[in-house]
Each structure stands twice: as structure tokens, then as C-alpha cells.
Protein chains: 2
Amino acid sequence: MIKKPITIKEIAKKLNLSISTVSRALHGHPSISLSTQQKVKLMAKEMEYEPNQTAIFFQKGRTYTIGVILPELAEAFFASAISAIEDIAYKKNYTVLLAQSHDEEGREKQLVEKMKNHRIDGLLVSVAKTTSNFDHFELLRKHQIPVVFFDRIPPIKNIHYVACNIETGSIEAVNYLLKRGHRSIGLINGPNTLVASGQRKEGYIKALYKNRLKYDPTLIVDCDLTEAGTKTALETLLNHKRKPTAIVTFNDYVSAFAIKSLRRFNLNTDQEIEFVSYANSSIIGFMEHPPVASVEQFPTIQGQKAIDTLLDLLNSDVNEETQGYYKTIIESQLIETHKD
Amino acid sequence: MIKKPITIKEIAKKLNLSISTVSRALHGHPSISLSTQQKVKLMAKEMEYEPNQTAIFFQKGRTYTIGVILPELAEAFFASAISAIEDIAYKKNYTVLLAQSHDEEGREKQLVEKMKNHRIDGLLVSVAKTTSNFDHFELLRKHQIPVVFFDRIPPIKNIHYVACNIETGSIEAVNYLLKRGHRSIGLINGPNTLVASGQRKEGYIKALYKNRLKYDPTLIVDCDLTEAGTKTALETLLNHKRKPTAIVTFNDYVSAFAIKSLRRFNLNTDQEIEFVSYANSSIIGFMEHPPVASVEQFPTIQGQKAIDTLLDLLNSDVNEETQGYYKTIIESQLIETHKD
DNA sequence: TAATTTAGCACAAACGTTTGATATCAATAT
DNA sequence: ATATTGATATCAAACGTTTGTGCTAAATTA
């Protein structure tokens with residue numbers, strides 16, 4: 001037996017009321033008597049009435065839907081973020097339209113367009129690595145659709161964003177290693193095309209300067225984040241005239257590769273090399289020899305703050321110019337690996 | 001400068017045409033002359049016309065949106081699955097409405113309701129662990145909204161589903177270890193409330209029987225999948241009178257915990273214990289001493305098949321009764337760990 | 001009692017699009 | 001010359017809901 005969705009029209013007919021009365025009754029409008037309100041609500045329940053959201057969306061011009069565009073859903077960082085976002089959206093009765101850009105500018109652009117046409121109320125974006133032109137986001141502004149960027153934010157003015165300050169974490173990381181007595185600290189960094197690489201490097205250098213230590217650029221080695229690349233980078237550092245006793249790596253995966261490689265082929269190292277990395281991902285818990293610490297970047301908190309400010313934006317009808325822009329910076333934090 | 005979305009009405013006025021003509025022109029309807037079609041299309045582009053999808057959704061009763069309900073977005077398996085699903089949805093011009101149940105039946109129920117009201121065209125679900133009543137899915141059937149279950153499928157008749165046959169992988173795993181000369185093989189399994197645990201156990205037992213080996217139930221130890229639980233389970237096996245030389249574990253994480261624990265406190269084991277696990281997750285690539293093999297469950301393929309069959313369902317207007325139900329089984333597959 | 005307020009409801013427009021039915025006009029066929 | 005066809009475009013209804021305005025009768029006030 002197939003059920004056609006029933007409408008307020010049919011409720012109206014059944015109760016000999018007008019459509020508008022039914023509508024208002026269901027919303028508890030004061031100009032409808034309590035008795036009819038109850039009658040209507042009862043009948044609605046009886047007939048298993050469910051409002052047609054598409055009609056409401058259309059009518060109201062709002063969808064209570066927020067778009068989320070992420071570079072890569074399968075990446076742990078973004079998976080955590082979207083999970084946190086969805087949780088809050090659910091709580092606030094919003095719905096999440098999800099899409100991934102795969103770090104492609106073209107796809108990102110198309111997705112923005114698509115979401116605009118879907119009449120999302122607002123958008124959350126972590127921008128693609130390759131994106132160099134940001135007009136598609138400007139377009140949304142013209143259509144009064146607020147956008148909040150998070151984690152990967154574009155280098156443009158007048159935007160709302162939530163980001164993580166990696167530099168402080170970077171400084172903490174180096175300070176930590178210095179306190180542990182290391183004097184030659186290497187850095188296996190990511191490709192220098194990434195903003196994230198620059199941030200790590202900046203912090204690394206600043207920390208050394210602050211401690212009045214001389215900064216040796218050759219102790220920084222870029223790598224492509226693959227296992228092979230990591231190995232090569234590691235070997236470069238091991239052959240350095242001031243062979244580092246500690247190494248900061250771009251992220252936990254690079255640390256894992258480096259440690260794995262180091263231990264397999266260099267087990268007879270009398271002096272252990274200590275590692276510090278970034279992300280504090282769950283992988284650390286599974287490692288036999290984890291880095292001594294990792295810089296947490298709080299994906300869930302970033303996601304939460306991002307959707308919080310978006311919802312704020314949606315529920316204050318003041319326009320942007322007068323109220324300025326939300327800029328939230330989360331401080332990254334060095335987390336020591338739990339010794340078990 | 002704020003832009004109001006412009007409508008076909010305004011295009012019509014500007015060209016002195018009727019609304020319907022503009023609509024048909026934009027769709028290339030044959031009863032509109034090519035010359036006017038071009039004029040209209042040109043003007044549409046000029047005025048930066050974008051169709052109001054909410055109006056179209058409402059009008060057509062279809063949203064080209066598919067709902068996806070997963071237990072936990074932050075879990076690697078589901079993150080891969082949703083990634084694959086989104087990719088295909090994007091290609092086929094569908095949009096993904098995402099939500100997570102957190103393995104709670106109540107939340108799952110609410111989400112289904114919400115998605116129904118959003119008028120999704122179809123739904124993809126991996127059901128929550130706690131769900132025991134499946135009426136909310138039945139409801140969708142009545143509303144002609146097709147549902148395809150994947151990975152975690154409910155124990156009810158007449159449904160479309162995509163699942164992974166773990167038993168064959170389980171058998172492969174044990175066979176593999178037997179071939180490698182092991183005669184005492186342990187199993188660190190998950191909680192027996194999980195279907196997944198049962199499947200692993202079944203395969204384990206069948207493999208032994210097929211090889212005419214006696215099955216010792218005490219070589220199977222359940223654990224809660226935590227690090228501590230794994231350690232306890234491992235110790236139980238190590239103290240077994242027929243101490244296993246190989247262990248199958250519920251998943252890669254359990255393997256990681258076990259291996260870590262084993263190597264830390266038992267480094268002087270002359271004879272190595274070999275591990276085989278499930279999931280073949282990326283963590284294996286980062287392990288210093290990975291399991292020798294892992295049973296791949298193909299999250300992306302499952303996701304792909306699931307959305308493929310859903311789209312099939314959506315685009316064939318034959319009703320379910322006549323065409324039967326799609327039941328796709330993916331064979332799991334033992335993947336040997338790449339030696340590097 | 002007549003005038004005015006108030007409560008309770010109905011009417012109808014509007015949101016933007018699609019689509020079946022219809023109209024117009026010219027070209028062709030009878 | 002009339003009927004038929006075909007090409008092209010218009011009209012108007014419909015999708016389900018919200019909401020400003022208008023209406024009626026009862027209740028209140030003067």
C-alpha cells in the first residue's frame with residue numbers, strides 16, 4: 001500500500017477549515033482558538049501529516065541547510081571536523097550538505113555553484129590547495145550567503161574564519177626539545193608550496209632565535225610526505241655534520257615513516273633520536289615507538305567554532321559591514337605522548 | 001551591492017516572452033524556435049540567471065538529493081565510504097545529505113524522519129549497532145523512497161543491500177597462517193554482541209574444520225577493542241597451554257595494540273608470533289612491525305556499489321515488488337602486507 | 001441601542017518553476 | 001477557396017506552504 005504524503009489542504013477539508021487556519025493552528029498562532037488548534041493538531045497526528053519541507057524551503061527562501069566543502073573526506077582531520085560539525089548541526093536542527101573538492105579548484109567552484117542553487121543558508125569551507133582565485137566565494141557574498149572558512153583559509157580580506165595557530169605549537173615543540181637537552185634539532189617539513197609548511201618553519205626558526213641559538217637552514221629538509229620521501233629526508237639529516245638528536249616532522253605520518261625506517265636500519269644507534277610531530281592523530285596510540293610529543297590542531301574544535309559562528313551569522317540579521325568579521329584563532333598545543 | 005536572484009519571469013519580461021516560453025527555451029524544448037532559444041539562453045547568461053533549485057525541487061517532487069546515514073563519520077571505514085559515495089553522487093549530479101547516528105537507535109530514527117521530510121530521493125544507511133526495531137525504514141518504503149543498506153545491514157527480509165562477506169576472508173586468513181606452518185592459531189575477537197565478531201569466529205572455525213584440525217574454543221578470546229582489553233586478551237593467549245604461534249585479531253588496531261604490547265614486554269621471544277587482522281587500514285603502512293596480512297573489506301567499493309544500486313533504483317520506475325531486491329555481496333580479501 | 005472593539009476564521013496572493021492544453025498564423029494539401 | 005497540418009508561442013493550473021488583509025459575529029463600551 002502506497003502512501004501519498006498528505007497536506008494541510010486535506011486536513012482543512014476534513015475539518016471544514018481553511019488552509020490558512022490549519023497552517024496557523026499547527027504553528028500555535030494566537031488568532032486561532034485553542035479548541036481548533038487542538039482539533040487540528042489531533043487530526044494532523046491522526047492522518048500522519050508531515051510538512052513538506054521542500055515547499056517550506058521554497059516558500060521561506062531558507063532551507064535550514066548548511067553546505068560543507070572539504071578537501072578530502074577520507075582524511076582523519078577532516079573526518080573529525082565533519083563529525084563535529086554534523087553533531088552541532090543536528091542539535092540546532094540544521095542539515096548538512098556535504099561535498100569534497102579533492103583539492104581541485106575547478107571542482108570547488110562547481111560545488112559552490114551547486115550549493116548556491118540548492119539555496120543553502122550558509123557555507124563552511126576548508127579551501128582546496130590549488131585554489132588561487134576566490135571569486136566563487138565572493139559570489140556567495142553577493143547572494144547574502146555567509147561563508148565561514150576553517151583550517152585552510154584563503155589569503156583574502158574581509159572573511160569570517162576559524163584557524164589554528166600552528167606557529168605557537170611549533171615554538172612549543174622546539175622549546176620542548178631544547179628543554180630535553182637537544183641542541184641540534186632537525187625539521188622534516190612538507191612541500192614548501194603548502195602554507196602549513198611555512199608555518200612550521202616559521203615557528204621552528206623563531207623558537208631558535210628566541211633561545212639565542214643559531215639557526216642552520218640545512219637542518220630543514222623538505223619532503224613530499226611519502227614514505228620514500230621521508231626516508232630520503234631522514235638520511236639527509238643523519239648524514240648532516242651536526243647530526244640532529246631530535247627531529248620535528250611535518251605530521252605524525254612522517255614521524256611514523258621516519259621512526260620505522262630509522263629503527264629498521266639503524267637499530268644499533270646508541271643515542272636515540274627523539275621525534276615531535278603535528279596533528280596528534282590517533283595513529284600515535286598504535287605506534288610501538290611514538291614521537292615524544294605532537295602538536296594538536298583540534299579538528300573538532302575548529303569544526304565546532306566554525307559552525308557556531310556560521311549559525312551566529314545566520315541568526316543575526318545585521319549585515320556584515322556593520323558587524324565586522326569573525327576571526328577565531330585556536331592555539332595549537334603540544335601534547336606529550338602518554339607513556340604507558 | 002546586494003544581488004537578488006533573478007528569475008525566468010524577469011527574463012521573460014525583458015524579452016517580451018511568456019514565462020513558459022523562457023522555461024522551455026532554456027530546456028531546449030522542440031516547440032520553441034532555435035532563434036528564440038538562443039536569444040533566451042543568451043539573455044539568461046547575461047543576467048546571470050541561476051535556476052532556483054528549491055522551486056524546482058518543490059515543483060518536481062524530486063530533490064536529486066540522497067541521504068546518507070552512517071554510524072560514525074570519524075571512523076576510517078565510514079570516512080572512506082562516504083568519500084566514495086560523494087564522488088559518485090557528484091558525478092551523477094546528485095547531492096549528499098549527510099548525518100551520523102552515533103550508533104543510537106533514537107537518533108537514527110529521527111534522522112530518517114528528517115530526511116524524509118527533506119524529500120530525499122533515496123537513502124543509504126549503515127545501521128546503528130543498537131537498532132533493534134526497523135519500522136522507520138519501513139516507513140520510507142511506504143513513501144516510495146528507496147533505501148539501500150550497506151555494510152551494517154538489518155536482519156530483515158525484502159531489502160536492498162550491499163555487504164561484505166567476511167567469512168571467506170576469515171577462512172583465507174586462517175588458511176594463510178596454516179600454510180605458513182602455524183598449527184596453534186589464536187583469535188582475539190571483538191565483543192560477541194557484534195555481528196562482525198560472529199562472522200570472524202565462524203570463518204575461523206570453518207577453516208580449521210576444513211583442514212581437519214581440531215578447534216579449541218579456548219584459543220578464542222573476546223576483547224573490548226581497547227588497548228587494555230587487547231593486552232589482557234593477549235596475555236590469556238600467551239599463557240595458554242598450547243601457546244599460539246599466530247594470532248588473528250578483530251581489526252588492525254587490535255593487532256597494533258597486541259604487537260606493541262608484545263614487543264615491549266616480551267622482546268626476548270625467540271619465536272615471533274605472526275598476526276593477521278581485518279580492515280587493511282592505512283595504519284598498517286605506518287607500523288614498524290605490521291601484521292603479515294589483513295582482510296580488506298573494501299569500504300570504497302561497498303560505498304560505490306551501494307550508491308550505484310540506489311541510483312539504479314531511482315532511475316527505474318518499476319516498483320520493487322516486480323523487480324525484486326538487489327543483494328550485492330562483496331568478497332573480502334586477504335591482503336599480504338607489502339614488505340619494504 | 002448604537003457604535004466600537006475583539007476574537008476567530010477565511011480569502012487570496014505569493015514564492016519560481018514545469019507542463020498540459022490552447023491559440024495564432026502561415027504553409028501546405030484537398 | 002477551404003480544410004488540414006505544423007511550427008511557434010501563450011495561458012493557466014499546479015506543487016504546499018506562509019502570511020497580509022478582509023470579513024463576520026460576538027463581546028464590549030459609551
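Chain A is the first sequence line, chain B the second, and so forth, proteins listed ahead of strands; every chain is numbered from 1. Computed from a prediction, not measured in an experiment: that's the story for all the values here. Just so you know, these numbers use all the heavy atoms, side chains as well, and skip hydrogens, waters and symmetry mates.
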Here the distance between atom C1' of D:dC11 and atom CG of B:Leu17, to the nearest Å, is 14 Å
Walking DNA chain D from its 5' end, the first of A:Ile56 and B:Ser35 to be reached, judged by nearest nucleotide, is B:Ser35
A:His29 atom NE2 is separated from D:dT21 atom P, nearest whole Å, by 13 Å
- How is B:Ser31 classified with respect to the nucleic acid when contacts are heavy atoms under 4.0 Å: base, sugar-phosphate, or nothing? base
Query raised in the report: Can a donor-acceptor pair be found between the side chains of B:Tyr90 and A:Gln110 at a distance below 3.5 Å?
Result: yes
Taken to the nearest whole Å, CD/A:Glu10 to P/D:dA14 is 15 Å
With the side chain defined as heavy atoms from C-beta on, B:Thr21 is closest, among C:dA10, D:dT18, D:dA9, to D:dA9
Separation of C:dG8 atom P from A:Leu15 atom CG, nearest Å, is 17 Å
C:dT19 phosphate, OP1 or OP2, under 4.0 Å from B:Ser20 side-chain N/O:
no
Rounded to whole Å, NE2 of B:His118 lies from C1' of D:dG16 at a distance of 16 Å
Note: for B:Thr36 and B:Ala55 on DNA chain D, the residue whose nearest nucleotide lies more 5' is B:Thr36
Show your working on side-chain contact (heavy atoms from CB on, under 4.5 Å) between B:Met47 and B:Lys14 and close with a plain yes or no.
CA-CA 10 Å; B:Met47 301 176 74; B:Lys14 210 144 208 169; 4.0 Å; yes
note: A:Ile32, atom CD1; D:dC23, atom C1'; distance rounded to Å ~ 14 Å
task = Give a yes-or-no answer on whether the side chains of B:Thr36 and B:Ser33 include a donor-acceptor pair shorter than 3.5 Å.
result = yes
Review point. Side-chain donor-acceptor pair under 3.5 Å between A:Gln100 and B:Ser83, yes or no?
Key: yes
**Report entry** Ring centroids of B:Phe58 and C:dT17 base under 5.5 Å with planes under 30°
**Finding:** no
Whole-Å distance, A:Arg119 CZ to C:dG16 C1', equals 9 Å
Base, sugar-phosphate alone, or nothing: which one does A:Tyr49 contact when heavy atoms must sit under 4.0 Å apart? sugar-phosphate
Paired with B:Tyr64, the side-chain contact (heavy atoms from CB on, under 4.5 Å) test is passed by just one of B:Asp121, B:Leu314, B:Ile56, B:Asn93, namely B:Asp121
Closest of C:dT19, C:dC9, C:dC15 to the A:Ser33 side chain is C:dC9
Notebook entry, point to check: Are any of A:Thr7's side-chain N or O atoms less than 4.0 Å away from OP1 or OP2 of D:dG16?
Noted result: no
Between CD of A:Gln59 and C1' of C:dA12 the distance, given in whole Å, is 13 Å
Indicate, with a heavy-atom threshold strictly under 4.0 Å, whether B:Pro5 touches base, sugar-phosphate, or nothing.
nothing
I'd like to know if B:Arg24 reaches the base of C:dT17 with its side chain, counting only an N/O donor and acceptor under 3.5 Å. no
